[in-house]
Every structure is written in structure tokens, then in C-alpha cells.
Amino acid sequence: MPSPQCLPENRLLEAHSLRFDRRGEPVFKDISVTLEAGRLLLILGPNGSGKTTLLRCLAGVIGPIEGELERSERRAFLGHRTGLKAALSCRENLNFVRSFHGLARCCADQALARVGLAGFGLRLASTLSAGQTRRLGLASLLVSERRIWLLDEPYASLDDAGGALVDELIVEQLNGGGTVALSTHQRLPEIGAEPTRLDLGTGLLERP
Amino acid sequence: MIGSLWALLSQDLRLAIRHGGESLMPLMFLFSVIILVPLGVGPGPNLLAAIAPGMIWVAALLSSLLALERLFRPDFEDGSLEQWWLGHLPVYGLVLVRLFSHWLITGLPIILFAPIAAQMLFLHPDALGTLMISLGLGTPILSLVGGLAAALTLSTNRGSVLLSILVFPLIVPVLVFATGAVSVAAEGISPRTHLGLLAAMLVLALTLVPLAVTSALKLNIE
């Protein structure tokens, strides 16, 4: 398991010339990104351009065919599937996330309240709607206490209020010295500051 | 670190209890075997005593096999398996915990109820100790080998057929030596050879399989 690299203070993750192939065809190649504290990285591109694959590469779930990845912190990843257990209650799910990451069990109810699921502690995750499940996924991000957030289509299944919640949580994470990378092809985040944009369709990286 | 391993283990057990019916399968198999087989082959004690080791072992095998579909696939499908690579623990340790919880749910109940089964099938009392030891050595091998097959077939759609095909050739030596040990013990001969080979298989499986499972999971996660 790679040990945390020594990166300059504000750079939480650096990736150089990443390439990933699927069935012999490159999904993306020669992608370099830097995640800096307080900055948002927006990953755009049409379906199939590799947004999910890139995020999973950055998260360390899959390894790139070529390229290097350095990170100084542990990452939190929230994908299409939230990784939460349907047969357990919301609170049990959040407590598990805490224990699994070596943290003391606490703050489950605060996290649920923050994402608009106050009082859902004992509800089974299987009884939640799609939007509520996404909110529970956001709560699991909050309790994981990680500085790097990698979000794959965080606005999916959420209404306007849910989308606004995601924006608020992103702003809080950035203000707290963390960094966020997210992919979207619907709604764009409204956070007041211009994000760095990476377009996987064209391979262009724009900094504000 | 221990806290995280314990978190996974206790969650696995909690989920097994929540899925109550499925978790009682091992005991269902065992009791089906000891009730139905005497009805099918006739209640003659000599015949039953002769086939008792095989029958109990078949129940252990089936219970282990049927729980394999649920070993990694649910986590793979709901996205919690990929979180294993985001934790601070090596995936190897998490694999060991998962295989251990599988054994607790499938192997341990068989071991605990084996004395009752042996009694009902008229197994020679001298062979009971050997039966318990053979189950204690062999059921972990079932969990390990089955876990490997489950990890390899994770990304295939109808994995369970392929899984069974993969598992059976690896299981046969375990079955042969375990039932052989009990049979010779029932005749008064020392089962040391058979049990020694079983123990060797267990050590081999414990050494190699978790590594292989970790690699197989990593491959299938992509």
C-alpha cells in the first residue's frame, strides 16, 4: 500500500499522464490533474468518455495502465452506487463507515440532519427513495472526515433542493481546506468560485 | 485497525441475522439429510453408520456452496466492495475477515450440530471425535476454496454455475480424506494419516488463497 507522498502543502492529489484502456481501446489518455485545497475540479464529457473511470482511478479503486498518482491524504469516493447496505438502518450504515475508517462512532445523527434526513436514524436504507439514498450517501461522506472528495454524478436523482444541498456541502468542504473533484453532465455546481474544468471529450483542462 | 476488522466482521454477522432465512440454510441441509436419508435408504443402523460421514460432509459442502453467491456479489453490486480499496486497511485483511465470517455462518453450525447428526445416523461413537476434527479442519478449506471461486466468478453474469464447476474439483480431495478419516476411525484404525493430509491442505489453502482472492477481486473490480 503506497504511503502518503510528500506534496506541497495545498496540493492534495497529483496525477500525471494517466491512461486507462478497456478492451484494448483507450478510455482516456495523457490526463494530468492536480487537486488543490479549496479548489473544485469539474470533470465534464459525454457519456462513455471515462468520467467514472477517471474518478475511480483517482480514488485508487482501479489502477491506470500508464501514469502516476501521488496523494497526501486519504480519499472519499461516492459513486453511482452508494455502498450502503439496504438491510441496515441509516444510523447503522453511518456507524459502519466511521468504524471501517478507524474513527470513533459518533455524529451519525448530526450528519443525517445536515443532509435533510433528520429522524431517519432507525429507518432501514431499503425504505428510502432514490433521492433519500443519495442524501444518505452524502451523509456518509460527511462522517468519513476525509479531505479529498471524489464524486461521480452527485446531482443524479436529486431535486433542486438536493442539488443545492450538494453545492452547500461542497462549499463547506472547500472552505475547510479540503478538495472536491466531481463529474456531471446535467447540473453544474453553483458555488460562487470558478472551478477548474477538465473536459474528457476534448482533453482540455481550463483553469480559472 | 482491529476496530475496522471487527466492524466488518460484526456487520457481516448482523447482515446474516437480518437475512435470517438464508443463514439457516446450513442447519436446514443438515437436518434434511439426517431426516430424509434414513427415510430413503431404510433405517438399518449398519447402512446408516457406513454412509453417515459422507452424508454429514455433503451437508457441510452444500451449505458452504450455497452461501458463496452471497460472499462478494452483494457488496460488488451495491458498491461497498470498491470501498475496501479506500480504507486504511490492506484488502488482504478484509478478505480474511470475510472468509472467516463465511465459515462462522456455514461451517461452525455444522460442526456444532454434528454430534446430534452422528447420533441420529448411528455413527460409531469412536468416530465422533474424528468427525469433529475432520469438520474443524475441512470446513475452513471449503470456505477458502469457495471464496476463491466466488472472487474469480464475480463479474460474470450467471456466475453460480461456473462457480460450482470451479469448486468441485478442489473440494473432492477434502471430501475424500475427511470421510476416509471418519470411516477408518469407525473401524478402530488411527485416522492420523488422513487428518494430517487434511491439516496440510488447510495450511496450504490459508497461505495461498487469501492472496489469490485479493488479486481476483482487484481484477474484477475494474
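Every heavy atom of this structure was used, including side-chain atoms; hydrogens, water molecules and symmetry mates were not. Just so you know, these numbers come straight off a predicted model, no measurement behind them. Residue numbers start from 1 in every chain, and the chains themselves are labelled A, B, ... in the order their sequence lines are given, proteins ahead of strands.
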Problem - Sorted by number, residues from residues 208-222 of chain B in contact with chain A (heavy atoms, under 4.5 Å) - result: B:Lys218, B:Ile221, B:Glu222
Handout entry: Lys/Arg-Asp/Glu bridge criterion (N-O < 4.0 Å) met for B:Asp12, B:Arg98
Key = yes
Practice task
Step through the shown structure and confirm whether more than 12 heavy atoms of other residues, nucleotides or ligands are within 6.0 Å of CE on B:Met132.
Solution key: yes
Exercise for the section: Give a yes or no answer on whether the side chain of B:Thr207 reaches the backbone of B:Val203 with a donor-acceptor pair at less than 3.5 Å. Expected result: yes
Handout entry: Backbone of A:Arg98 reached by a side-chain donor or acceptor of A:Arg105 within 3.5 Å
Key = no
Completion exercise
Counting heavy-atom pairs under 4.5 Å with chain B, the top scorer among A:Arg75, A:His80, A:Lys85 is A:Lys85
Fill in the blank from the handout: When the 4.5 angstrom heavy-atom criterion is applied to A:Leu103 and chain B, the contacting part is neither
Problem - Audit row: B:Phe72, B:Phe76, ring-ring contact (aromatic ring centres under 6.0 Å, His included) steps and yes/no - result: CA-CA 6 Å; B:Phe72 295 118; B:Phe76 180 65; 9.8 Å; no
Completion exercise
Checked B:Gln83, B:Gln11, B:His19 vs chain A; the most non-hydrogen pairs under 4.5 Å come from B:Gln11
Completion exercise
Given B:Ala7, B:Pro74, B:Gly3, the one with more heavy-atom pairs under 4.5 angstrom with chain A than any other is B:Ala7
Practice task
Give a yes-or-no answer on whether the side chains of A:Trp149 and A:Thr179 include a donor-acceptor pair shorter than 3.5 Å.
Solution key: no
Practice task
Could you tell me whether the side chain of A:Leu78 reaches within less than 4.5 Å of the side chain of A:Asp152, counting heavy atoms only?
Solution key: no
